[in-house]
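All remarks here apply to the structure that follows.
If you're wondering where the values come from, they're calculated on a predicted model, not measured in any experiment.
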Amino acid sequence: MSESNEITGHSGELAVSVARAHGVETMFTLSGAHVFPMYDGAVKAEPPMRLLDVRHEQTAAFAAEATGKLTRIPGLAVLTAGPGVTNGISAIAQAQFAGSPMVVVGGRAPANRWGSGALQEIDHLPIVSPVAKQARTLHTAADVAAGFDDAFTVARSSHRGPVYVDIPMDEFFNSGSGPASTGAAAAVLEPDGDDLARVAALLADAHHPLLILGTDVWADHAEDAALRLVEALGIPTLTNGMGRGLLPGGHPLLVTKARGAAINGADLVVVVGTPLDFRLGYGVFGGPDKNPDGAFAKVVHVADSPGQLSSHAELAASVAGDLTSVFDALVVAVQGKTRDWSSWSTELADVVRAAVARDNELLTAEADPIHPARIYGELVPRLADDAVVIGDGGDFVSFAGKFVEPKRPGGWLDPGPYGCLGAGLGAAIAARIARPSAQVALLLGDGAAGFSLMDVDTLVRHELPVVMVMGNNSAWGLEKGPMQMLYGYDVAADLAQQTRYDEVVKALGGAGEKITDPTQIGPALDRAFDSGVPYLVNIITDVDAAYPRSTFGI
């Protein structure tokens, strides 16, 4: 029973009520008695909350993390005590690195037996706290309503991230009451005017500026404002993470295919919504060995909250706050006051065109064994504008980053800076639920598939059709090449040759096929997209066709 400003019920009912107020529609879980009240709360909610049960807790947590990314509403994972919680740690860490809003609810041994050796009795907080935005135990049923409201508010407020809560089993079954949630997020942080003025002055003075847009631009609902700024100023732009698609593929100012020339030739780099980590040279651009005039670029870092601003890079300026406000303020401050950047944009556009021509040779390659790029030559033309593309792999997904340019924001999921394999099946489950009418394409390395392929069973049981495209080079390709380079040999880098992962998918109730002829890739993809079931296209690729790397992430 509830009044307008108070809710009552057992702890599971209270938790589900609060989650629903914050926009949660699906609970990802693997059955465990410590969290049965959450299931009862979901079943008895009006309307009932969807329960999505998986085969490994990591998949539940990765599905919640991907839901947070795709919907920008915190995903909800409910994990039983002990190993249920520890199995979800990698996904929590990935969410922390990627700024994904999610709430993980853990079971906990009963308080009235604590210290006496109850089943799966362990204090989760010292394990979870280092990789979560917030972690706490709600000790009584009376703490649940307000505690859950705080958890969801913290998870969805800048800078977004994972929040963990657990409840002792005896208190989970107890009843209580508490304030009804309004589902409100924290107040928006407005950027400082003086900080904005410094950034505007640097832009106005720049000869060769470059804008880099990352995941937090999407997470902060700033995609429209970002595009307005790019087009109003005419500034060449790179994207990474869920920033991909902020400028649609083929946009004249999207210079992804001229990345090296853009980064090395810029005199000002403005990085928004992504850390200055190994993917961006730790915030050092240009320099004597890269830039024709030997100069390093000035660097501006823009983040959704002060704690995300770089503390290691040498910054010419920085600003933190609501990213829509930042973009719109810069348009007003800078438009019509910049130098002429047209020759710089044209120079980079020429590099892009040359790269497209070179890429076409790989995308249409007739090589035997199959070159991984040929897969993308067949896949990209078949992707709809609203497709959700998920990367779960090393080398194979690196090729995807090179060749797949999304047409819309919010449709690209990759391992992110944490580099965690095994997230793909959870992300695919989340994507099919969040975008029921869109294509969902999961790009799998054969190594990555070993972490979670059993959860094809989850796709089948819950009738969630997903197209899985596997680049199967029978190796840990991301490690094999570098080890050979360092030592002249490799060990622990080979997998069984041409494993029939497609037959595994069939055995679990899906469909699939093995491809060794490049001319058959396209027809197989058509069959997969038309099938209406979980379908794996297992494509045998050349282990020696490695992605050309400029960094090993260190």
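In this structure, R259 contributes its side chain and V255 its backbone to no donor-acceptor pair below 3.5 Å. Of the possible donor and acceptor atoms, none in the side chain of D392 sits under 3.5 Å from a partner among the backbone N and O of L444. A donor-acceptor contact shorter than 3.5 Å links the side chain of N87 to the backbone of P83. No donor-acceptor pair closer than 3.5 Å links the side chain of T499 to the backbone N or O of Y501. Not one N or O on the side chain of S452 forms a donor-acceptor pair closer than 3.5 Å with the backbone of D455. Between the side chain of T29 and the backbone N or O of V78 there is at least one donor-acceptor pair closer than 3.5 Å.
Checked against the 6.0 Å centroid threshold, Y376 and F396 count as a close aromatic pair.
With sequence neighbours excluded, the residues satisfying ring-ring contact (aromatic ring centres under 6.0 Å, His included) with H371 are F399.
Using a cutoff of 4.0 Å between basic side-chain nitrogens and carboxylate oxygens, D53 and R461 are scored as salt-bridged. The pair R160-D304 meets the salt-bridge criterion, with a side-chain N (NZ, NE, NH1 or NH2) lying under 4.0 Å from an Asp/Glu carboxylate O.
Within the structure, salt bridge (Lys or Arg N to Asp or Glu O under 4.0 Å) pairs that include any residue of residues 54-80 comprise R55-D457, E65-K69, R72-E223 (at least two apart or interchain).
Within a 6.0 Å sphere centred on NZ of K506, heavy atoms belonging to other residues, nucleotides or ligands number more than 12.
Counted by atom type alone, K514 and Q498 present one or more donor-acceptor pairs between their side chains at under 3.5 Å.
The one candidate from D502, T516, N538 that meets the side chain to side chain donor-acceptor pair (under 3.5 Å) condition with N472 is N538. Evaluated for a salt bridge (Lys or Arg N to Asp or Glu O under 4.0 Å) with D359, the options K402, R374, R353 yield exactly one hit, K402.
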**Asked** Would H124 and Y164 count as a side-chain hydrogen bond (donor to acceptor under 3.5 Å, both in side chains) if you check the C-alpha gap in whole Å, the side-chain angles of each, and the deciding distance to 0.1 Å?
**Response** CA-CA 9 Å; H124 305 114; Y164 172 83; 3.0 Å; yes
